[in-house]
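In this text, all values refer to a predicted model and were calculated from it rather than measured experimentally.
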Amino acid sequence: MRIDIVTGLPGIIKSPLNESIIKRARESGSVIIETHDLRDYTHDRHKTIDDTQYGGGAGMVLKPEPLFECIETLQKQREYDEVIYLTPDGNRFDQSMATELSLKENLILLCGHYKGADERVREALVTKEISIGDYVLTGGELAAAVIVDAVVRLLPGVLHNSTSAMTDTFQDNLLGAPVYTRPPEYRGMKVPDVLLTGNHKAIEEWRQEQRMKRTKEKRPDLLNE
Ligand code: 6GU
């Protein structure tokens, strides 16, 4: 998979995608992630990527020219499955969307900023609009990092244990079961006996019960989806 991230602030996005599991996924070739600085697609001395909005009002708007030039340059090099605009008024991101995106070959993530991008960019270039939740961030960069993280960990070979992603919270619309490691007793608190039995069938049943119980308690809304 290849993900191209288009942004006016490449510094924000680079470091979270250069650590731990995502870093290893890049090193092993499971994913190619490139960031593109919109300022590299400007032609004026000040490398202007935004401007005031027509009709007046507070907040700057991302200019169409650098966005068109950057995205069209990428589209000349390969076919993209989606051009995704990150914006608080997009479709809400969830685990099923992460799974869907993990099956794509080439994605462009376009980070909105300030008041957003000129509407003509959305009309002409964008194929999908995603928000990561009902709150407003200063820009789409952190949202892009969230989406890339959620998608890349689902790619084949990225997690050590391929069943690990399948037992995640939200897989099957259920929360995950509680997990324990050594020691078997700590400050009087014991690991549930069933986990120490080695009886895989009993353990699996216990986990499934726990997932259901937790979901009922913490996120009953998930059971109605
Ligand atoms: Cl994708 N962008 C911004 N700026 N704010 C957000 C968001 C995205 N998702 C939730 N809030």
Side-chain angles (χ1 to χ4, degrees), residues 1-3 5 13 16-17 19-22 24-25 30-31 33 80-112 126-137 140-181 189-225:
M1 175 179 221
R2 177 182 171 111
I3 305 174
I5 304 171
I13 189 109
L17 301 179
E19 298 281 346
S20 183
I21 292 173
I22 308 302
R24 278 205 305 274
S30 296
V31 65
I33 302 171
Y80 284 91
D81 301 291
E82 305 280 2
V83 177
I84 301 171
Y85 179 52
L86 301 167
T87 174
D89 61 12
N91 292 115
R92 182 104 60 87
F93 188 64
D94 63 10
Q95 191 65 31
S96 71
M97 218 187 274
T99 304
E100 210 176 285
L101 293 178
S102 74
L103 303 173
K104 309 283 188 187
E105 207 53 53
N106 297 309
L107 298 176
I108 292 176
L109 299 185
L110 167 55
C111 302
V126 169
T127 61
K128 219 182 207 0
E129 303 189 332
I130 300 181
S131 158
I132 61 164
D134 291 344
Y135 40 82
V136 178
L137 304 170
E141 286 75 14
L142 294 176
V146 165
I147 290 167
V148 170
D149 189 292
V151 168
V152 170
R153 68 187 286 288
L154 297 176
L155 297 177
V158 169
L159 297 185
H160 284 310
N161 183 347
S162 72
T163 60
S164 181
M166 298 194 321
T167 56
D168 279 343
T169 282
F170 297 125
Q171 220 63 40
D172 322 317
N173 259 358
L174 290 177
L175 303 182
V179 293
Y180 297 87
T181 185
M189 297 178 284
K190 287 188 172 151
V191 174
D193 286 334
V194 62
L195 296 178
L196 309 177
T197 59
N199 181 340
H200 297 297
K201 186 160 175 289
I203 291 171
E204 200 36 55
E205 278 168 17
W206 178 84
R207 285 185 171 149
Q208 211 50 33
E209 276 164 32
Q210 292 293 316
R211 298 185 72 197
M212 192 52 90
K213 180 164 171 275
R214 282 209 156 174
T215 309
K216 275 186 193 150
E217 281 167 14
K218 295 172 188 257
R219 291 293 306 276
D221 57 297
L222 290 176
L223 297 171
N224 305 321
E225 276 182 14

Asker: Find the distance between CG (Asp81) and CG (Asn106) and round it off to the nearest 0.5 Å.
Answerer: 6.0 Å
Asker: So, for Ala145 and Ile13, which heavy atoms are closest and what is the spacing to 0.1 Å?
Answerer: N-CD1, 3.7 Å
Asker: Please tell me if the side chains of Ile5 and Glu141 come closer than 4.5 Å, counting only heavy atoms from C-beta onward.
Answerer: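 Of all side-chain heavy-atom pairs linking Glu141 with Ile5, none is under 4.5 Å.
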Asker: Is the shortest heavy-atom distance from the side chain of Gln208 to the side chain of Glu204 under 4.5 Å?
Answerer: yes
Asker: With a 4.5 Å limit on heavy-atom distance, are the side chains of Val194 and Asn199 in contact?
Answerer: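 No - every pair of side-chain heavy atoms lies 4.5 Å or more apart.
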Asker: Taking all non-hydrogen atoms of both residues into account, name the closest pair between Ile203 and Gly198 and its distance.
Answerer: CD1-N, 4.3 Å
Asker: Taking only distance into account, with no hydrogens and no angle test, what donor-acceptor pairs under 3.5 Å do side-chain atoms of residues 90-103 form with protein atoms, sequence neighbours excluded?
Answerer:
from: Arg92; atom 1: NH2; to: Asp134; atom 2: OD2; distance (Å): 3.1
from: Asp94; atom 1: OD1; to: Ser96; atom 2: N; distance (Å): 3.3
from: Asp94; atom 1: OD1; to: Ser96; atom 2: OG; distance (Å): 3.0
from: Asp94; atom 1: OD1; to: Met97; atom 2: N; distance (Å): 3.0
from: Thr99; atom 1: OG1; to: Gln95; atom 2: O; distance (Å): 3.0
from: Ser102; atom 1: OG; to: Thr99; atom 2: O; distance (Å): 2.6

Asker: What pair of heavy atoms forms the shortest contact from Ser30 to Pro156, and how long is it?
Answerer: OG-O, 4.1 Å
Asker: Supply the atom-to-atom distance Leu155 CG to Ile22 CD1, rounded to the nearest 0.5 angstrom.
Answerer: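 Answer rounded to 0.5 Å: 8.5 Å.
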Asker: What's the separation between atom OG1 in Thr127 and atom CD1 in Ile84, rounded to the nearest 0.5 Å?
Answerer: 6.5 Å
Asker: Apply side chain to side chain contact (heavy atoms under 4.5 Å, CB included) to residues Leu17 and Val152 and explain how you reach the verdict.
Answerer: CA-CA 10 Å; Leu17 301 179; Val152 170; over 6 Å; no
Asker: Between the side chains of Lys213 and Glu217, is the shortest nitrogen-to-carboxylate-oxygen separation below 4.0 Å, so that they form an ion pair?
Answerer: yes
Asker: Apply side chain to side chain contact (heavy atoms under 4.5 Å, CB included) to the pair Val31 and Val158, showing each step before the final yes or no.
Answerer: CA-CA 9 Å; Val31 65; Val158 169; over 6 Å; no
Asker: Does Arg214 use its side chain to pair, donor to acceptor, with the backbone of Leu175 at less than 3.5 Å?
Answerer: no
Asker: For the atom pair OG1 (Thr181) and CG (Leu195), what is the distance rounded to the nearest 0.5 Å?
Answerer: 11.0 Å
Asker: Mark yes when over 12 heavy atoms from residues, nucleotides or ligands other than Asp193 sit less than 6.0 Å from its CG; otherwise mark no.
Answerer: no
Asker: Can you give me the closest heavy-atom contact between Phe170 and Leu222, atom names plus distance?
Answerer: CE2-CD1, 3.9 Å
Asker: Give the minimum heavy-atom separation between Ala177 and Arg211, together with the two atoms involved.
Answerer: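 Minimum heavy-atom contact is N-CG, 3.7 Å.
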Asker: For Arg207, look at atom CZ and say whether over 12 heavy atoms of other residues, nucleotides or ligands are found less than 6.0 Å away.
Answerer: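 Count not over threshold, so no.
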Asker: Could you list the residues that satisfy salt bridge (charged side-chain N to carboxylate O under 4.0 Å, His left out) with Lys218, not counting sequence neighbours?
Answerer: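 For Lys218 there are no salt bridge (charged side-chain N to carboxylate O under 4.0 Å, His left out) partners, ignoring immediate neighbours.
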Asker: Hey, what do you get for CD1 (Ile3) to CD1 (Ile147), rounding to the nearest 0.5 Å?
Answerer: 9.5 Å
Asker: Looking at every heavy atom in both Ala143 and Leu86, which two are closest together, and how far apart are they?
Answerer: C-CD1, 4.4 Å
Asker: Show, in sequence, the C-alpha distance, side-chain angles and deciding distance for Lys104 and Tyr80, and conclude whether the side chain to side chain contact (heavy atoms under 4.5 Å, CB included) test is met.
Answerer: CA-CA 9 Å; Lys104 309 283 188 187; Tyr80 284 91; over 6 Å; no
Asker: With rounding to the nearest 0.5 Å, note down the distance linking CD in Glu205 to NZ in Lys201.
Answerer: 4.5 Å
Asker: With sequence neighbours left out, what residues match Arg24 under salt bridge (charged side-chain N to carboxylate O under 4.0 Å, His left out)?
Answerer: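 Scan of Arg24 (salt bridge (charged side-chain N to carboxylate O under 4.0 Å, His left out), adjacent residues dropped) gives none.
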